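Just so it is clear, the model here is predicted, and its values are computed rather than measured.
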Protein chains: 2
Amino acid sequence: MIALDEIDRAILRAMVADADLSAGALGRRLGLSQPAAWRRLKRLRAASVIRAARLDLDAEKLGFGVTVFLGVKIGTKGQAALGDFERAVSAIPEVQTVEHVLGMYDYRLRVVARDLPDFERVLRRRIMTLPGVASLDANVLLSEERRPGPIG
Amino acid sequence: MIALDEIDRAILRAMVADADLSAGALGRRLGLSQPAAWRRLKRLRAASVIRAARLDLDAEKLGFGVTVFLGVKIGTKGQAALGDFERAVSAIPEVQTVEHVLGMYDYRLRVVARDLPDFERVLRRRIMTLPGVASLDANVLLSEERRPGPIG
DNA sequence: CTTGAAAGAAGACCGCG
DNA sequence: CGCGGTCTTCTTTCAAG
């Protein structure tokens, strides 16, 4: 755990809104010099409060027009079964996120495909052959809004 | 729609692996000059194939140790009901993503909270007061893996 | 592709509480 | 010592030749 003061939180708020902000511009906005702002950023990165900068690609423009969320229940819940499932699911390129979850499902997957026929192929040849899958629920993404989320 | 050649896809693959890659380093890796690589990046951004750079923060280090996925079913499904729900849900800071979805649920929400008591507060005072909610399913996040996803 | 000017990154060093 | 400020150097960006 690291101690974050109000300036750190202001930096995070500004950077979440615009990740390409330079250290100089950031400092100008907060009344800090460029090196001071840069040092704070470096410190936040070192403490991995800032994990990384990720590129947000438009899947549709890449030819992947279909996104489906799958809720997966695993049949035999041994430690080995979970490991087997995770290893196998990590080898499927169409799977964007694997969430290990507690509640109605055991795993939630975000899967992309070019279109519905392509999704059927992924489902039948990839997902349904995964080890230990007892049941599947599907939801097709219509639209999505991502919000900054709380900082402090 | 824009036409992407093999070089564009190589650029995207390299950039999703490391979003902080400079145009110069990118060009060196692919056998392009720095301005050539930079122009390609600019073109991909202008076509919004690359939407933006997003900062990946560690919610736990910010004091938000609990992430819950909610599956929401809306009772009265008129056009107005969906708009009302979306507007109201957008005002809750703890909601990180709102996915409008087709299938077993109508919406899927990603919600963060400091701990379980804090989550109960959000659930009772924010989520359960949303207009039109007929039923809720919850799944608590244990761990998560994000993968690059397919490019071409 | 090459050049070149402006901006940003990132280090060394000093001063303050 | 921790933190911010200035100065300095190297790299990167980005437009123009």
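- Nucleic acid contact class of A:R28 (heavy atoms, under 4.0 Å, all strands): sugar-phosphate only.
- Regarding B:D20, its CG atom lies at a distance of 18 Å from the P atom of D:dT11, rounded to whole Å.
- The CG-C1' distance, from B:L21 to D:dT11, rounds to 14 Å in whole Å.
- OP1 or OP2 of C:dA9 has not a single side-chain nitrogen or oxygen of A:K42 nearer than 4.0 Å.
- Atom CD1 of A:I7 is separated from atom C1' of D:dG5 by 14 Å (rounded to the nearest Å).
- Toward the 5' end of DNA chain C, the nearer of the two residues A:P35 and A:S22, judged by each one's closest nucleotide, is A:S22.
- Heavy-atom distances to DNA chain C give each of A:R39 and A:A25 a nearest nucleotide, and the one nearer the 5′ end belongs to A:A25.
- Put simply, CG on B:L41 is 13 Å from C1' on D:dC14, counting in whole angstrom units.
- In this structure, A:L44 atom CG and D:dC3 atom P are separated by 11 Å, rounded to whole Å.
- In this structure, B:W38 reaches the D:dC14 phosphate: one of its side-chain N or O atoms is under 4.0 Å from OP1 or OP2.
- A donor and an acceptor atom, one from each side chain of A:E99 and A:Y105, are nowhere located under 3.5 Å apart.
- Nucleotide D:dT12 holds its C1' atom 17 Å from the CG atom of B:L32, rounded to whole Å.
- The side chain of B:A23 sits closest to D:dT13 out of C:dC1, D:dT13, D:dG4.
- Between B:T67 and B:E144 there is no side-chain heavy-atom pair separated by less than 4.5 Å.
- The minimum heavy-atom distance between A:V133 and A:I127, with the atom names listed, is CG2-O, 4.4 Å.
- Here B:R40 does not reach the OP1 or OP2 of D:dC14: none of its side-chain N or O atoms lies under 4.0 Å away.
- In terms of polar N and O atoms assigned as donor or acceptor, the side chain of B:Q34 never comes within less than 3.5 Å of the base of C:dC1 in a complementary pairing.
- Put simply, CG on A:L26 is 15 Å from C1' on C:dA10, counting in whole angstrom units.
- In terms of phosphate contacts, A:S33 brings no side-chain nitrogen or oxygen within less than 4.0 Å of OP1 or OP2 of D:dG4.
- In the hydrophobic cluster analysis, where Ile, Leu, Val, Met, Phe, Trp and Tyr join through side-chain heavy atoms closer than 4.5 angstrom, B:M104 is grouped together with B:F69.
- Between A:V111 and the options A:V89, A:V122, A:I92, A:V66, a side chain to side chain contact (heavy atoms under 4.5 Å, CB included) holds for only A:V122.
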